[in-house]
Amino acid sequence: MRVEGNTKKIAEDLLGHYDVRARRLPWRAPPGANAADPYRVWLSEVMLQQTTVAAVIPYFTKFTERWPSVEALAAADDADVMAAWAGLGYYARARNLLACARAVANERDGAFPDTEDGLRDLPGVGAYTAAAVAAIAFGRRAVVVDANVERVVARLFAIDIPLPNARPAIRAAADSITPETRAGDFAQAVMDLGATICTARAPACGICPLRTDCAAVLTADPAAFPVKAAKKIRPHRLGHGWWIERPDGHVWLVRRSAKGLLGGMRALPSSDWEAAPDPTPPMTAQWRALAAPVAHIFTHFSLALTVHVAHVTENCQPPGEGEWWPLARIGDAGLPTLFRRAADAVMKESAQHARP
DNA sequence: CAGCCGTGGAA
DNA sequence: TTTCCAAGGCT
């Protein structure tokens with residue numbers, strides 16, 4: 001472990017690099033501008049949870065154009081926000097985003113809390129996001145620890161305890177190098193470094209502004225830090241999805257229950273997803289299965305969804321809650337990726353069917 | 001507290 | 001092709 005004297009040098013080296021090389025990102029105030037808008041900082045941090053910058057940018061642009069303030073977002077319809085989030089994943093974030101916006105708009109007159117503790121009480125705001133918003137939007141000294149910080153700090157100090165047991169040591173080390181001022185810039189500088197130079201697989205140590213501060217660069221394999229515990233194998237599951245199409249060009253869509261996988265999202269009616277799911281259709285009809293199931297990989301299991309198609313009469317009413325959605329606007333339904341792919345597969349096959 | 005919760009890009 | 005990974009939070 002490093003001694004006190006070097007910790008200040010690390011922040012100075014990194015901030016000096018950041019002042020010249022900071023990435024220009026839509027949620028960052030331009031250099032020399034006033035402090036960033038807390039609404040935009042918070043929105044970006046939530047979107048960036050376990051999500052890459054490249055994936056977030058178009059969603060951030062869309063959200064801030066459509067809902068430019070926390071009050072505007074708080075007044076939005078749930079269905080519109082969920083549909084706008086479709087494709088970004090981890091949909092509990094979108095549900096918590098709305099709950100948080102409404103809490104801030106309705107109970108706090110639109111003002112975000114300006115301390116870590118206050119922010120931490122908001123839905124969808126955990127230890128990381130509270131620290132990041134406190135530091136970036138409000139200039140607080142906060143110790144911001146995300147996956148980038150874990151990697152950079154584990155390398156700087158050559159911490160060889162496997163994750164997640166290394167977390168306390170990593171946090172203490174991160175605390176030791178976090179400066180009293182510019183903690184927000186410092187946090188973003190570490191994340192820029194982690195994203196562009198101190199990357200997970202092939203760190204560019206030769207151009208790293210911290211190479212003279214780093215313990216791992218002196219080892220045979222700097223990329224070996226942080227050490228991680230072995231991960232589990234991903235189980236495979238099967239499922240059935242039901243495409244019910246009306247002759248006037250509508251398909252029957254349902255909304256999934258608020259909790260659990262793809263919670264709150266529009267979807268095709270479908271079975272549970274397990275080793276041997278119930279193949280019983282939701283209604284009697286002439287069912288025909290697509291030749292190839294839709295394969296999709298979630299974080300903790302992979303899925304093969306067999307899509308069954310039925311063409312029903314105009315006055316047909318499937319059981320349960322749902323809505324007839326126009327095929328011409330299927331792209332606006334806000335389907336999560338699994339069901340968007342299922343819809344693509346059905347439309348592609350029916351197009352081929354029409355032109356043999 | 002370990003498991004649950006998406007997605008797409010990189011290697 | 002498969003594996004790994006990303007500005008985590010909730011229960």
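Naming: A, B, ... by sequence-line order, numbering from 1 per chain. Below, all heavy atoms of this structure are taken into account, side chains as well, without hydrogens, waters or symmetry copies.
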Seminar exercise, completed: Walking DNA chain B from its 5' end, the first of A:Leu335 and A:Lys232 to be reached, judged by nearest nucleotide, is A:Lys232

Exercise. Is A:Ala132 touching bases, backbone alone, or none of the nucleic acid, heavy atoms closer than 4.0 Å?
Worked result: nothing

For this session: Would you kindly check whether a donor in the side chain of A:Thr51 faces an acceptor in the base of B:dG6, or vice versa, at under 3.5 angstrom?
Result: yes

Exercise. Taking it one step at a time, do A:Glu180 and A:Arg141 satisfy salt bridge (charged side-chain N to carboxylate O under 4.0 Å, His left out)?
Worked result: CA-CA 6 Å; A:Glu180 292 301 319; A:Arg141 183 190 183 278; 3.4 Å; yes

Exercise. Which part of the nucleic acid, if any, lies within reach of A:Leu25 when heavy atoms closer than 4.0 Å are counted: base, sugar-phosphate only, or nothing?
Worked result: base

For this session: Indicate whether OP1 or OP2 belonging to B:dG8 is found under 4.0 Å from a side-chain N or O atom of A:Arg341.
Result: yes

For this session: Describe the nucleic acid contact of A:Arg23 in one word from base, sugar-phosphate, nothing, applying a heavy-atom distance below 4.0 Å.
Result: base

Problem set entry | Whichever of A:Pro164 and A:Arg340 has its nearest DNA chain B nucleotide further upstream toward 5' | A:Pro164

Problem set entry | Residue-phosphate contact under 4.0 Å: A:His296 side-chain N/O, B:dG6 OP1/OP2 | no

For this session: Would you mind classifying the nucleic acid contact of A:Thr337 as base, sugar-phosphate or nothing, using non-hydrogen atoms under 4.0 angstrom?
Result: sugar-phosphate

For this session: Output yes when at least one side-chain N/O atom of A:Tyr90 is less than 4.0 Å from OP1 or OP2 of C:dA6, else no.
Result: no

For this session: Tell me what A:Leu262 touches on the nucleic acid: a base, only sugar-phosphate, or nothing, going by heavy atoms under 4.0 Å.
Result: sugar-phosphate

Exercise. Quick one: is the NZ or CZ of A:Arg40 closer than 6.0 Å to the six-membered ring centre of A:Trp42, and within 45° of its axis?
Worked result: no

For this session: Say whether, by atom type as modelled, one donor and one acceptor occur between the side chain of A:Arg95 and the main chain of A:Ala258 under 3.5 angstrom.
Result: yes

For this session: Would you mind classifying the nucleic acid contact of A:Arg28 as base, sugar-phosphate or nothing, using non-hydrogen atoms under 4.0 angstrom?
Result: base

Exercise. Checking all strands, does A:Gly194 fall into the base, sugar-phosphate, or nothing category for heavy-atom contacts under 4.0 angstrom?
Worked result: nothing

For this session: Spell out, as yes or no, whether a donor-acceptor pair under 3.5 Å connects the side chain of A:Arg93 to the backbone of A:Gly89.
Result: yes

